[in-house]
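Just the heavy atoms: all of them, side chains too, but no hydrogens, waters or symmetry mates, feed the values below.
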Amino acid sequence: MDKKFLEQQFKFFIKKMEMTQWNLKLEFVEHDWKNTGNVKVDMDNKTAIVYLNIFNPKCENLEEVIIHELCHIKLWKLDLYCESLLDSTFDNKDSKEYKFGYNQFMSALEQTTQEIAKTYTKLLAKNKNLSYNRCAERMAFREE
């Protein structure tokens with residue numbers, strides 16, 4: 001992995017995605033980790049850390065992952081709003097109803113984030129190839 005290239009692209013994406021008002025940091029994960037990327041956000045101080053797995057990434061385009069995590073930051077208020085709505089609606093976080101609502105929302109958020117990230121990747125990334133790893137892991141159609 002070319003860390004210097006990824007750090008340069010991270011700074012480039014921040015400018016192009018109009019996120020310069022944020023204090024953002026990229027940290028590389030260099031040990032076994034189940035995720036390829038993640039983000040921790042402090043909305044009050046407009047700071048966030050983007051974590052990027054360079055040890056065993058599940059995605060072949062790490063620029064796409066960086067963009068995806070930056071999109072999560074752009075959508076963070078929506079995330080907080082929906083979680084607080086669920087919390088105020090359901091008393092028990094262990095209830096089937098809460099889990100259903102949470103899973104539906106998180107699935108929609110992840111899909112929306114990825115759709116936006118794909119657009120930014122096609123417009124901004126040097127590597128414009130989208131990752132198909134999740135599709136490749138699913139059963140392929142076979143003629144019998």
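- Linking ILVMFWY residues whenever their side-chain heavy atoms come closer than 4.5 Å, directly or via other members, places I73 and L6 in the same cluster.
- Looking at heavy atoms from C-beta onward, K118 lies in side-chain contact with E115 at the 4.5 angstrom threshold.
- Counting non-hydrogen atoms of neighbouring residues, nucleotides and ligands closer than 6.0 angstrom, the CD atom of E18 reaches no more than 12 such neighbours.
- Atom CD of Q104 sits about 13.0 Å away from atom CG of L109, to the nearest 0.5 Å.
- V29 and V39 fall into different hydrophobic clusters, where Ile, Leu, Val, Met, Phe, Trp and Tyr are joined by side-chain heavy atoms under 4.5 Å apart, directly or via other members.
- K74 places a side-chain N or O within donor-acceptor distance of the main-chain N or O of M17, the cut-off being under 3.5 Å.
- K15 places no side-chain N or O within donor-acceptor distance of the main-chain N or O of T20, the cut-off being under 3.5 Å.
- Connection of I49 to F55 is not established within any shared hydrophobic cluster, with ILVMFWY side chains joined at heavy-atom distances below 4.5 Å, either directly or through further cluster members.
- Within a 6.0 Å sphere centred on CG of D91, heavy atoms belonging to other residues, nucleotides or ligands number 12 at most.
- Cluster annotation: F28 and W33 are assigned to distinct hydrophobic clusters (Ile/Leu/Val/Met/Phe/Trp/Tyr, side-chain heavy-atom contacts under 4.5 Å, transitive).
- In terms of the side chain to side chain contact (heavy atoms under 4.5 Å, CB included) criterion, residue partners of N56 (sequence neighbours excluded) are, by chain and number, D32, N53, K58.
- Salt bridge status for K4 with E7: absent, with no side-chain N to carboxylate O gap under 4.0 Å.
- In this structure K40 satisfies the side chain to side chain contact (heavy atoms under 4.5 Å, CB included) test together with N38, Y51, sequence neighbours excluded.
- Within the model, atoms CD of E60 and CG of L130 stand 9.5 Å from one another, a figure rounded to the nearest 0.5 Å.
- The side chain to side chain contact (heavy atoms under 4.5 Å, CB included) test applied to K93 returns D87, Y98, not counting sequence neighbours.
- Within 6.0 Å of the CZ atom in F100, the count of heavy atoms belonging to other residues, nucleotides or ligands does not exceed 12.
- In this structure N45 satisfies the side chain to side chain donor-acceptor pair (under 3.5 Å) test together with D42, sequence neighbours excluded.
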Show the atom names and distances, to 0.1 Å, of all donor-acceptor pairs under 3.5 Å that link a side chain in residues 63-71 to residues at least two apart or in another chain.
residue	atom	partner	partner atom	Å
E63	OE1	K126	N	3.4
E63	OE1	N127	N	2.8
E63	OE2	Q9	NE2	2.7
E63	OE2	K126	N	3.0
E64	OE1	S131	N	2.9
E64	OE2	Q114	NE2	2.7
H68	ND1	Q114	OE1	2.7
H68	NE2	H72	NE2	3.1
H68	NE2	E110	OE2	2.7

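- Closest non-hydrogen pair, C59 versus T36, comes out as N-OG1, 3.8 Å.
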Assess the residue pair I14 and W22 against the criterion (side chain to side chain contact (heavy atoms under 4.5 Å, CB included)); give the C-alpha distance rounded to whole Å, side-chain angles, the decisive distance to 0.1 Å, and a yes or no. CA-CA 9 Å; I14 289 168; W22 281 81; over 6 Å; no
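- Shown here is F90, whose CZ atom has more than 12 heavy atoms of other residues, nucleotides or ligands within 6.0 Å.
- Of the possible donor and acceptor atoms, none in the side chain of S107 sits under 3.5 Å from a partner among the backbone N and O of N103.
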Distance-only donor-acceptor pairs under 3.5 Å for side chains of residues 77-85, two or more places apart:
residue	atom	partner	partner atom	Å
S84	OG	L80	O	3.2
S84	OG	Y81	O	2.9

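- Closest approach of W76 to M43, counting heavy atoms only: CD1-SD, 3.9 Å.
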